[in-house]
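Chain naming here is simple, since letters A, B, ... match the order of the sequence lines and numbering starts at 1 in each. On a predicted model such as this, the values are computed, not experimentally measured, just so you know.
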There are 2 protein chains.
Amino acid sequence: MNASHHGDDSRSYHHGDLRKTLLETCCTHIANQGTEGLSLRALAREAGVSPTAPYRHFDSRHALLAALATEGFDELGASMGAISAADPVPAVFECALAYVRYAEANPVKYHLMFGDVIGDFSRHEELITAARQCYGHLARILAAGVASGDLRQDDPDELGGTVWAVVHGLAGLVITARAKAAQAPMEDLLEVPPLRAQQAVAAAPERAVLRMLEGLVADPACLAGLQQRWRKV
Amino acid sequence: MNASHHGDDSRSYHHGDLRKTLLETCCTHIANQGTEGLSLRALAREAGVSPTAPYRHFDSRHALLAALATEGFDELGASMGAISAADPVPAVFECALAYVRYAEANPVKYHLMFGDVIGDFSRHEELITAARQCYGHLARILAAGVASGDLRQDDPDELGGTVWAVVHGLAGLVITARAKAAQAPMEDLLEVPPLRAQQAVAAAPERAVLRMLEGLVADPACLAGLQQRWRKV
DNA sequence: GCAGGTATGTTTGCAGTGTCAACATCCTTG
DNA sequence: CAAGGATGTTGACACTGCAAACATACCTGC
């Protein structure tokens, strides 16, 4: 595609847009074979390029994965950042759901972001800042909720920890459940199978999130609206 | 040690107990260098044995990790199995704490159990059954709670999903926080840093667990005892 | 428009790895 | 005490990440 810039026979010395191709190929490769057998050489091969070409775009194998994860944090951060903190309780709900849904829609990137594939976060500055920004959105909303009195008067960071933990755990369950349901190739890169529990959660993540919210909210009454909406799936 | 079975000069052809040595060396190696640079050859070297000797004990590199994880599930399962379901609400509390504490005390094994290091769970039958038994204990307690009316009348599996998720997420936070606090070498095999939130949770996982319980329990009053006990750390 | 610089891709090479097959050594059990 | 299985060793192959040194194509200033 777009090899018109040099009139030759479709095979050009330069690939055209290798960086992007690598990122995408990497994604599909992980989705298919898992993160295990991933090799820059294989990626290069798949892109029809010499074995060490990728090193012109990524300092190391890790750097490629880190770039993918950073992309993910930016995307997730964007959708969380779009949530207004004006109405804190629904905002927390939306925030948590955004997280779970992102994981569901982008299992590979999610896996890179929150799994342990990328060993040393501290070696990728951009990754860290992206991750912090992401959590910052949740923190902002929680702080608003505590300030407005809608959430219980607790240390916002402690609340943040709880929410983060729940949501992170939920996402894991949902992903595995989805992957299994689809008999998909992702099945082998994820966590332990808590049997039907994960299917239950996956079927209605909103309800699980709501159950968590009940522990955070100052007055359970303010959940009535959300509860009614997600009553019976 | 115990090389007395052959009277020679302390160096024997046979190692004596390589399997165990490998498992242990593997653990410390992961704790130090992370799961990344782990190689059977290095392990063999460290055990003073030929590069391919480990294959007499483990079919593949993965099999070694799987064995370690299985060990972990057995241990965690044992402590969860010891919890009586007679008094369901405190039992859930204990169960959740047992999980978090196991993770805290055995970060490496926990990492193998719930991280994505072991690609294909389905290739290690024993691993799967161990994991299922583990979740079974939680399920048993939750079922008792629902039956006795102490927990809200929900699908036990859905409750299980929530608990599992929370507890799993909490454990992750606690581990990273601990690792960082200690400036420990574990720092590079774990998840994203949600800033001070994880420290807050790590400082008092009991409170986070309690907060979750509030969402599960039928009558908040039955938490009074636990709440008082963990009031202010 | 073209000389030179820079981004991109290639070739070559090294050290290290997982895994297999054939062989050596020891322990155990009859 | 000899046969046989368990354990450890040697050697080999294909593959990987990564680092130079080199080649090619695009781009920019003149």
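The CD-C1' distance, from B:Glu36 to D:dG17, rounds to 11 Å in whole Å. Counting to the nearest Å, the P atom of C:dG9 and the CZ atom of A:Arg19 are 12 Å from each other. Regarding A:His62, its NE2 atom lies at a distance of 11 Å from the P atom of D:dG17, rounded to whole Å. Between the OH atom of A:Tyr55 and the C1' atom of D:dC18 there is a distance of 5 Å, given to the nearest Å. Here D:dT7 presents its P atom at 10 Å from CG of B:Leu18, a figure rounded to the nearest Å. Between the CG atom of A:Leu64 and the C1' atom of D:dG17 there is a distance of 13 Å, given to the nearest Å.
Of all heavy-atom pairs spanning A:Ala130 and A:Thr70, the tightest one is CB-CG2, 4.1 Å.
Put simply, the side chain of A:Arg61 and the base of D:dG17 share no donor and acceptor less than 3.5 Å apart.
Across all strands shown, B:Arg45 has heavy atoms under 4.0 Å from sugar-phosphate atoms exclusively, and none from any base. Nucleic acid contact class of A:Leu43 (heavy atoms, under 4.0 Å, all strands): none.
Checked against side-chain hydrogen bond (donor to acceptor under 3.5 Å, both in side chains), A:Arg19 has no partners two or more places apart in sequence or in another chain. Remark: B:Gln133 engages no residue in a side-chain hydrogen bond (donor to acceptor under 3.5 Å, both in side chains) (not counting sequence neighbours). In this structure, the side-chain hydrogen bond (donor to acceptor under 3.5 Å, both in side chains) partners of B:Tyr102, at least two apart in sequence or on a different chain, are B:Glu75. The side-chain hydrogen bond (donor to acceptor under 3.5 Å, both in side chains) test applied to B:Glu24 returns no partner, not counting sequence neighbours.
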Which atom pairs link the protein and nucleotides 10-13 of chain D when you take only N or O atoms and keep those under 3.5 Å?
{"from": "D:dT10", "atom 1": "O4", "to": "B:Thr52", "atom 2": "OG1", "distance (Å)": "2.6"}

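Note: A:Tyr135 and A:Tyr99 fail the aromatic proximity criterion, with ring centroids not under 6.0 Å apart.
Listed by first and then second residue, the salt bridge (charged side-chain N to carboxylate O under 4.0 Å, His left out) pairs that reach into residues 52-67 of chain B are A:Glu36-B:Arg61, sequence neighbours excluded.
Contact check, A:His57 against C:dG9: a side-chain N or O comes under 4.0 Å of OP1 or OP2.
Mapping A:Asp59 and A:Gly37 onto DNA chain D via the closest heavy atom, the residue that lands nearer the 5' end is A:Gly37.
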